Amino acid sequence: MNHIWRERKKLWCGLPFTFTTYFLFEDKFCIQSGLIRRQFDDVRLYRIIDVTLCQNILQRLFGLWTIECNSSDATAGVFKIKNIYQGQKLRDLLEEKIEIARKENNVSSREFYNI
């Protein structure tokens, strides 16, 4: 399965010397981490409830962003896409793909709330 977007998590100074890679596919977001013990965590896009874009002072200096995603996924819950370039573009792409996934799976946002 081909990914739409892929980026390696950067250090606070923008260097890519980490062992975490993020992938965006048509229907899911994946986080791959670890060097010796590899871990893969997938979240179906229709389960993501909210997307928040953040930037601290060091990230501003180096042009990095953090995207915080709240999901209804049992294992992922709240997860962060840390220290990436062009966070605004990824947030827009992610929100677009989330809406498409919700329509394809007949999921509305009110299904995530206890009403």
Side-chain angles (χ1 to χ4, degrees):
M1 194 168 171
N2 293 332
H3 55 270
I4 298 169
W5 176 87
R6 175 184 182 225
E7 188 168 333
R8 183 179 295 267
K9 175 183 169 183
K10 310 292 189 281
L11 296 175
W12 62 269
C13 59
L15 297 174
F17 299 130
T18 63
F19 300 103
T20 301
T21 306
Y22 305 110
F23 298 91
L24 176 61
F25 295 94
E26 286 292 331
D27 62 340
K28 65 183 176 179
F29 188 83
C30 302
I31 302 171
Q32 174 185 323
S33 60
L35 173 64
I36 296 173
R37 181 184 173 269
R38 304 227 44 200
Q39 181 174 335
F40 298 88
D41 195 11
D42 298 345
V43 178
R44 296 284 170 193
L45 292 179
Y46 68 87
R47 292 186 171 272
I48 298 176
I49 300 167
D50 185 45
V51 178
T52 304
L53 189 62
C54 309
Q55 191 178 43
N56 64 32
I57 189 72
L58 283 176
Q59 288 175 321
R60 287 180 71 187
L61 288 172
F62 294 100
L64 300 171
W65 295 87
T66 295
I67 297 176
E68 186 174 308
C69 298
N70 294 314
S71 76
S72 63
D73 189 83
T75 57
V78 176
F79 64 94
K80 293 182 180 182
I81 307 167
K82 296 181 182 179
N83 294 339
I84 58 166
Y85 290 114
Q86 299 179 344
Q88 303 97 325
K89 288 183 181 178
L90 176 60
R91 181 197 57 199
D92 294 343
L93 179 62
L94 197 54
E95 288 177 343
E96 176 185 324
K97 295 297 180 185
I98 289 168
E99 286 303 315
I100 291 169
R102 284 182 183 168
K103 287 178 184 174
E104 288 176 353
N105 292 286
N106 295 321
V107 175
S108 66
S109 59
R110 69 175 172 258
E111 292 183 24
F112 298 117
Y113 302 108
N114 294 327
I115 297 176

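Since we're looking at a predicted model, the values are computed, not measured.
- Side-chain contact between Ile4 and Glu26 is present, with heavy atoms from C-beta onward closer than 4.5 Å.
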Inset, instruction - Please assess Phe29 against Ile81 for the test side-chain contact (heavy atoms from CB on, under 4.5 Å), listing each intermediate value before the final yes or no. - result: CA-CA 10 Å; Phe29 188 83; Ile81 307 167; 3.4 Å; yes

Inset, instruction - In sequence, state the C-alpha distance, the side-chain angles, and the governing distance for Leu45 and Asp27, and then conclude on side-chain contact (heavy atoms from CB on, under 4.5 Å). - result: CA-CA 6 Å; Leu45 292 179; Asp27 62 340; 5.5 Å; no

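- Below 30°, between 30° and 60°, or above 60°: for Trp5 and Tyr22 the angle between ring planes is below 30°, a parallel geometry.
- We find the CD-CZ distance between Glu104 and Arg102 to be 13.0 Å, quoted to the nearest 0.5 Å.
- From Thr66, atom OG1 reaches atom CD1 of Ile84 across 7.5 Å, with rounding to the nearest 0.5 Å.
- Summarising the local packing, NZ of Lys82 is surrounded by 12 or fewer heavy atoms from other residues, nucleotides or ligands at distances under 6.0 Å.
- Note that the OH atom of Tyr85 and the CH2 atom of Trp65 stand 13.5 Å from one another [nearest 0.5 Å].
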Inset, instruction - Kindly determine whether Thr21 and Arg6 satisfy side-chain contact (heavy atoms from CB on, under 4.5 Å), including the steps that lead there. - result: CA-CA 7 Å; Thr21 306; Arg6 175 184 182 225; 3.5 Å; yes

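- Of all heavy-atom pairs between Phe25 and Cys30, the closest is CE1-SG, 3.5 Å.
- In plain terms, the two heavy atoms of Trp12 and Asn83 that are nearest each other are N-ND2, 3.9 Å.
- The distance from the CD1 atom of Ile31 to the CZ atom of Phe79 is 5.5 Å, given to the nearest 0.5 Å.
- Residues forming a side-chain hydrogen bond (donor to acceptor under 3.5 Å, both in side chains) with Arg91 (at least two apart in sequence, or on another chain): none.
- When all heavy atoms are compared, the tightest approach of Gly77 to Ser71 is O-OG, 2.7 Å.
- In this structure, CD1 on Ile100 lies 4.5 Å from NZ on Lys97, to the nearest 0.5 angstrom.
- We find the OG1-CG distance between Thr20 and Leu35 to be 10.5 Å, quoted to the nearest 0.5 Å.
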Compile the donor-acceptor pairs under 3.5 Å between side chains in residues 48-57 and protein atoms, sequence neighbours left out, one pair per line.
from: Asp50; atom 1: OD2; to: Thr52; atom 2: OG1; distance (Å): 3.3
from: Gln55; atom 1: NE2; to: Leu64; atom 2: O; distance (Å): 3.0
from: Asn56; atom 1: OD1; to: Leu58; atom 2: N; distance (Å): 3.1
from: Asn56; atom 1: OD1; to: Gln59; atom 2: N; distance (Å): 2.8

